[in-house]
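Below, chain A is the first sequence line, B the second, and so on; all start at residue 1.
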Protein chains: 2
Amino acid sequence: MARSSQTEMAVLGGLSIEPMTAYALREAIRDVLGHFWSESFGQIYPTLNALEEAGHVRREGGPRARSSVYALTPSGLARLRDLLAEPVQEAQPRNGLLLRLFFGRVLGRDRCLELLRDARDRARAQLGEYEGMLAQLTATEGHTPDWPYMRLTLLAGIHQCRAGVAWADECLTTLEGDPTP
Amino acid sequence: MARSSQTEMAVLGGLSIEPMTAYALREAIRDVLGHFWSESFGQIYPTLNALEEAGHVRREGGPRARSSVYALTPSGLARLRDLLAEPVQEAQPRNGLLLRLFFGRVLGRDRCLELLRDARDRARAQLGEYEGMLAQLTATEGHTPDWPYMRLTLLAGIHQCRAGVAWADECLTTLEGDPTP
DNA sequence: ACCTGCATGTAAGTCGTTACATGATTGA
DNA sequence: TCAATCATGTAACGACTTACATGCAGGT
């Protein structure tokens, strides 16, 4: 068994795009899924070993080679399908920014304004990045069957950022106009 | 030392609103901070004990009483201020819905459409709840100095939900119109 | 008499990160 | 030759959840 079905899903899914080394897999997860997923080495290596033992991935190059490429087997693809079909399990929310703002009376209004301005600026910067990535992706339309699905996740990031900017702006306006210190 | 500064922050913050029992604290965190924070009993009790030992909270009623109320001490308030001023540490993102959609080619278009419709409906329902809560909160304007800060976090939820609905709608339109199976 | 809700805690287990240890390859 | 990057793994630790164990109070 892999460490968790969520990690297993990300690993099998990554290999369903194309075979690669554990190292490349981690980079791909960081660079491509980065805005909605993350895995660390400490998860990826044990998971790959477990998946190999279960016959869900095939290791080419062997453990002694300087680099081994993992590829999905038919049973691995079936396993991925099963995992993807499982109900979505939401992580319980933990938003450090909102926690600090909620206790804003203790933190002080000025600090809250700083936090909000910061959040807005980061959301704006992030939005620019996503829009650039979307433009790049749009240029390669049709190159891969994964294209429409990759686009979905980028759009999610874009909508989130826009909402973040709008929220921070609205809050800044009301808080700045507030006479109470 | 408490288990983690994040849990400590939530616990001290809760008691900064008003003194209460561990049980009530957990309920308050679930009901009031629920849309952006969560803590379980297994975290709250040990944290309260550690905080009492450190002198940051005072326990009234003692461990033998059927119910003991915890109150913030001056040093606890100072500790809370320090914690709130610490830089926000973002949890690494883990969005199970987006992970599934990203591998949508394997999952199948129909399943993806289901997921999106479901996400949209849940976002809509959630939005209604938040708007109700905001109306309720607006009615008690000025009753507590925490008011403007509570409002911020509710607004965040509302903006998030609206973005979620708009995103799902946009994705549904493009995916449904897509001829590729 | 019994059930529900309030209340307090512990223990085991899962999940995940971080730091450490190691070594090959490649380009400056 | 030296640094950076690619590459593979392990061990220790930390955080958090879940399930369990217990008991009182109040209403039906």
Side-chain angles (χ1 to χ4, degrees), chain A residues 1-11 14-15 19-31 33-34 36-53 57 59-70 83 86 89-96 99, chain B residues 1-11 14-15 19-31 33-34 36-53 57 59-70 83 86 89-96 99:
Chain A
M1 278 303 108
R3 309 272 286 209
S4 89
S5 55
Q6 299 260 295
T7 296
E8 218 184 322
M9 204 188 307
V11 166
L15 297 180
M20 55 185 120
T21 66
Y23 189 87
L25 186 57
R26 190 261 196 153
E27 296 221 305
I29 291 175
R30 169 159 48 68
D31 297 341
L33 314 183
F36 62 87
W37 203 261
S38 86
E39 294 292 347
S40 60
F41 278 132
Q43 293 277 101
I44 289 176
Y45 281 103
T47 298
L48 277 172
N49 285 333
L51 285 172
E52 194 198 6
E53 221 166 307
V57 302
R59 179 178 195 156
E60 274 144 18
R64 290 265 146 240
R66 30 244 167 292
S67 122
S68 37
V69 172
Y70 289 91
L83 287 172
E86 273 181 12
Q89 53 190 102
E90 318 273 357
Q92 72 279 31
R94 290 205 132 206
N95 186 323
L99 188 64
Chain B
M1 279 302 110
R3 310 271 287 211
S4 88
S5 54
Q6 298 262 294
T7 296
E8 217 185 323
M9 206 188 305
V11 165
L15 297 179
M20 54 186 120
T21 66
Y23 189 89
L25 187 56
R26 189 259 196 157
E27 296 222 305
I29 290 175
R30 169 160 48 68
D31 298 341
L33 315 184
F36 62 88
W37 204 259
S38 87
E39 294 291 348
S40 61
F41 278 133
Q43 293 277 100
I44 290 175
Y45 281 101
T47 298
L48 277 171
N49 284 334
L51 285 172
E52 194 198 6
E53 221 166 307
V57 301
R59 178 178 195 155
E60 274 144 19
R64 291 264 145 239
R66 30 244 169 289
S67 121
S68 38
V69 171
Y70 290 90
L83 288 173
E86 273 181 12
Q89 54 190 101
E90 318 274 355
Q92 73 278 31
R94 289 204 133 207
N95 186 324
L99 188 64

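- Between B:Ser68 and C:dT8 there is a side-chain polar atom (N or O) within less than 4.0 angstrom of OP1 or OP2.
- At most 12 non-hydrogen atoms from other residues, nucleotides or ligands lie less than 6.0 angstrom from CD of A:Glu53.
- For B:Ala22, the listed nucleotide lying nearest its side chain is C:dT8; candidates were D:dC16, D:dT8, C:dT8.
- If you measure from atom CD of B:Glu60 to atom C1' of C:dA7, you get 17 Å, rounded to the nearest angstrom.
- Atom CD1 of B:Ile29 and atom CD of B:Gln43 lie 10.0 Å apart (nearest 0.5 Å).
- By the 4.5 Å heavy-atom criterion applied to side chains, B:Leu83 and B:Glu8 are counted as neighbours.
- Remark: B:Arg94 fails to qualify as a cation-pi partner of A:Phe36 under the 6.0 Å distance and 45° angle criteria applied to the six-membered ring.
- Taking for each of B:Ala24 and B:Asn49 the nucleotide of DNA chain C with the nearest heavy atom, the 5'-most of the two is the partner of B:Ala24.
- For B:Gln92, taking side-chain heavy atoms from C-beta onward, the closest of the listed nucleotides D:dT18, D:dT8, C:dG16 is C:dG16.
- Separating the CD atom of B:Gln89 from the P atom of D:dG14 is a distance of 15 Å, rounded to the nearest angstrom.
- The interatomic distance linking A:Leu48 (CG) with D:dG9 (C1') rounds to 12 Å, in whole Å.
- As judged by a 4.0 angstrom heavy-atom cut-off over every strand, A:Arg26 is placed among residues making no nucleic acid contact.
- A:Gln92 CD to B:Ser40 OG: the interatomic distance, rounded to the nearest 0.5 Å, is 8.5 Å.
- Note: A:Ser67 OG to A:Met20 CE = 13.0 Å, rounded to the nearest 0.5 Å.
- For A:Glu90, the side-chain contact (heavy atoms from CB on, under 4.5 Å) partners two or more places apart in sequence, or in a different chain, are A:Val88, B:Arg122.
- Taking atom CD on B:Gln6 and atom P on D:dT17, their separation rounds to 12 Å, with Å as the unit.
- When each of B:Arg94 and B:Val69 is assigned the nucleotide of DNA chain C bearing its nearest heavy atom, the one mapping closer to the 5' terminus is B:Val69.
- Checking each of A:Leu15, A:Leu51, A:Thr21 against A:Tyr70 for a side chain to side chain contact (heavy atoms under 4.5 Å, CB included) leaves exactly one that passes, namely A:Leu15.
- Distance CH2 (B:Trp37) to C1' (D:dC16): 12 Å, rounded to an integer number of Å.
- Rounded to whole angstrom, the span from the CE atom of A:Met9 across to the C1' atom of C:dG16 amounts to 16 Å.
- Here the side chains of B:Gln6 and B:Gln89 are in contact, with some heavy-atom distance below 4.5 Å.
- Here the nucleotide nearest the side chain of B:Gln43, chosen from D:dC16, D:dT8, C:dG16, is D:dC16.
- The CD atom of A:Glu90 sits 17 Å away from the P atom of C:dC15 (whole-angstrom rounding).
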Identify all pairs in which a protein N or O lies below 3.5 Å from an N or O of nucleotides 4-6 of chain D, and state each distance.
unit_1 : atom_1 : unit_2  : atom_2 : d
D:dC6  : OP2    : A:Tyr23 : OH     : 3.3

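- Computed from coordinates, the B:Tyr45 OH to D:dC20 C1' distance equals 14 Å when rounded to whole Å.
- Of all non-hydrogen atoms in B:Arg59 and B:Asn49, the two that sit nearest each other are NH1-OD1, 3.9 Å.
- For the helix from C:dA1-D:dT28 to C:dA28-D:dT1, the terminal axes (five pairs an end, C1' atoms, rotation from four pairs onto the next four) enclose an angle of 20°, given to 10 degrees.
- The side chain of B:Ser38 places an N or O atom within less than 4.0 Å of a non-bridging phosphate oxygen (OP1 or OP2) of D:dT17.
- Regarding contacts with the backbone of C:dG16, a side-chain N or O of A:Thr7 is found under 4.0 angstrom from either OP1 or OP2.
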